[in-house]
2 protein chains.
Amino acid sequence: MTPQSVETGADEPMSKMRLRLWLKLLKASNLIEDQIRRRLREDFQTTLPRFDVMSALARSPEGLKMSQISDMLRVSNGNVTGIVDRLTDEGLALRVAVPGDRRASQVRLTAKGKRTFAEQAAAHETWIDDMLDRLDADDVEGMIRRLDYLNDTLEEND
Amino acid sequence: MTPQSVETGADEPMSKMRLRLWLKLLKASNLIEDQIRRRLREDFQTTLPRFDVMSALARSPEGLKMSQISDMLRVSNGNVTGIVDRLTDEGLALRVAVPGDRRASQVRLTAKGKRTFAEQAAAHETWIDDMLDRLDADDVEGMIRRLDYLNDTLEEND
DNA sequence: GGGTTTTACTTCAAGCTTAAACATTATATA
DNA sequence: TATATAATGTTTAAGCTTGAAGTAAAACCC
């Protein structure tokens, strides 16, 4: 038993509470994510992985290497290969040679990609705002604070 | 602008706060879920979808119909078909005919399936407990309360 | 009863995801 | 310089996921 698990003096309920918390966190995350996927599909004929890659690229006009994208998104590099392939097929992204390193390539949004993503990002923000509409400033602040703390501890022991 | 979005008298920051909250919620959810997937694979040579289906079945000894499983897990029915097929191939679950309805089948865990899931569920609970270890009772309670509220509002406008 | 609609489930095509295996290029080291 | 090791990406096999289309059976309705 770790020191932190004895605050209440009763380990069993605390352990169950944590499990319940996880299930509720997962449920919220899935409910929101499913909405976003559905709207990206219906309104923009695209997918969340494509949106995520474009979002990363939009923040780096000079482009990103494949490995940088997979690091930022915490997905495998083989995964990014396929997504960038499809974005490229659709004329939304392109691979640029990296001078001095023939293994790597820099991925960038095309002009069309930038326009497309700007639209999607604006819609995305309003979707989130609508879904979290009923949380007041205190709720949002309280949750952000605790999630920051949780994420820090989760990343320590990655 | 909805009535709820004006509590602070400043819409712009609140909208950005909500977006930040979503990104942090998603991050926490993904960090935890990735750990669980990894451990299920490494320790038990199984996957999260299989674990989820077995978890639903474990709570219903009399069995569940395919459509009940997909409702509980919020996934498509075609998806459940494949997962139950694989569980069946491995001798962990089986389909039983439903008397009076030849379209449907009742899915149950086998004895082997029950034993296997019991082991996995026990490990799962300790993984969660370890990952959320640094949250104290107040944190857990505060987050559960807000997530309950959020989930209620999200399910209303599904 | 006969026809329509609904329900239960499976199949399919496309895309996402991973780990592992692979190819290629760059870097370090002897 | 030669060799070993690292890093960068792609490919592959297996599984998950969806929506749409399809099959079959049950329920409804006239």
Do the side chains of [X] and [Y] get close enough for a salt bridge, i.e. N-O under 4.0 angstrom?
X	Y	answer
B:Lys112	B:Glu90	no
A:Glu33	A:Lys27	no
A:Asp52	A:Arg74	no
A:Lys24	B:Asp148	yes

Side-chain N or O of [X] closer than 4.0 Å to phosphate OP1/OP2 of [N]:
X	N	result
B:Lys65	C:dC9	no
B:Thr81	C:dT11	no
A:Thr47	C:dC16	yes

Which of these nucleotides, [options], is closest to any side-chain atom of [X]?
X	options	answer
A:Pro49	C:dT17, C:dT18, C:dC9	C:dT17
B:Ser76	C:dA8, D:dT18, C:dG15	D:dT18
B:Ile83	C:dC9, C:dT18, D:dC16	D:dC16
B:Asn79	C:dA26, D:dC16, C:dT18	D:dC16
A:Arg41	D:dT18, D:dG9, C:dC9	D:dT18

Take the protein atom [atom1] of [X] and the nucleotide atom [atom2] of [N], then report the distance between them rounded to whole Å.
X	N	atom1	atom2	value
A:Asn77	C:dA21	CG	C1'	12 Å
B:Asn30	C:dT18	CG	P	10 Å
B:Leu73	D:dT18	CG	C1'	15 Å
B:Arg102	D:dT23	CZ	C1'	13 Å
B:Arg50	D:dG15	CZ	P	7 Å
A:Ile69	C:dT17	CD1	P	13 Å
B:Leu40	C:dA19	CG	P	13 Å
B:Gln45	D:dA14	CD	P	17 Å

message: Need the pair for D:dA6. Rule: Watson-Crick or G-U wobble, both distances under 3.5 Å, any strand; none if unpaired.
response: none

- request: Could you check which nucleotide pairs with C:dG3 in any of the strands shown, counting Watson-Crick or G-U wobble with both distances under 3.5 Å?
  value: D:dC28

message: Could you check whether the side chain of B:Arg103 and the base of D:dA24 have a donor-acceptor pair of N or O atoms closer than 3.5 Å, going by distance alone?
response: no

Residues within residues 85-97 of chain B bordering DNA chain D, heavy-atom distance below 4.0 Å: B:Arg86

field: Among B:Val53, B:Val80, B:Ile69, side-chain contact (heavy atoms from CB on, under 4.5 Å) partner for B:Leu64
entry: B:Ile69

field: Chi-angle category of C:dA26 [syn within 90° of 0, anti beyond]
entry: anti

Is [X] touching bases, backbone alone, or none of the nucleic acid, heavy atoms closer than 4.0 Å?
X	value
A:Arg37	nothing
B:Val75	sugar-phosphate
B:Asp101	sugar-phosphate

- prompt: Starting at the 5' end of DNA chain C and moving along, which residue's nearest nucleotide shows up first, A:Val80 or A:Gly100?
  reply: A:Val80

- request: Verify the ring-centre separation between A:Phe51 and A:Phe117: is it less than 6.0 angstrom?
  value: yes

task: Decide side chain to side chain contact (heavy atoms under 4.5 Å, CB included) for A:Arg59 and A:Ser55; before the verdict, give the C-alpha distance in whole Å, the side-chain angles of both, and the deciding distance to 0.1 Å.
output: CA-CA 7 Å; A:Arg59 269 177 263 122; A:Ser55 176; 3.0 Å; yes

task: State which residues pass salt bridge (charged side-chain N to carboxylate O under 4.0 Å, His left out) with B:Glu42; sequence neighbours excluded, sorted by chain then number.
output: B:Arg38

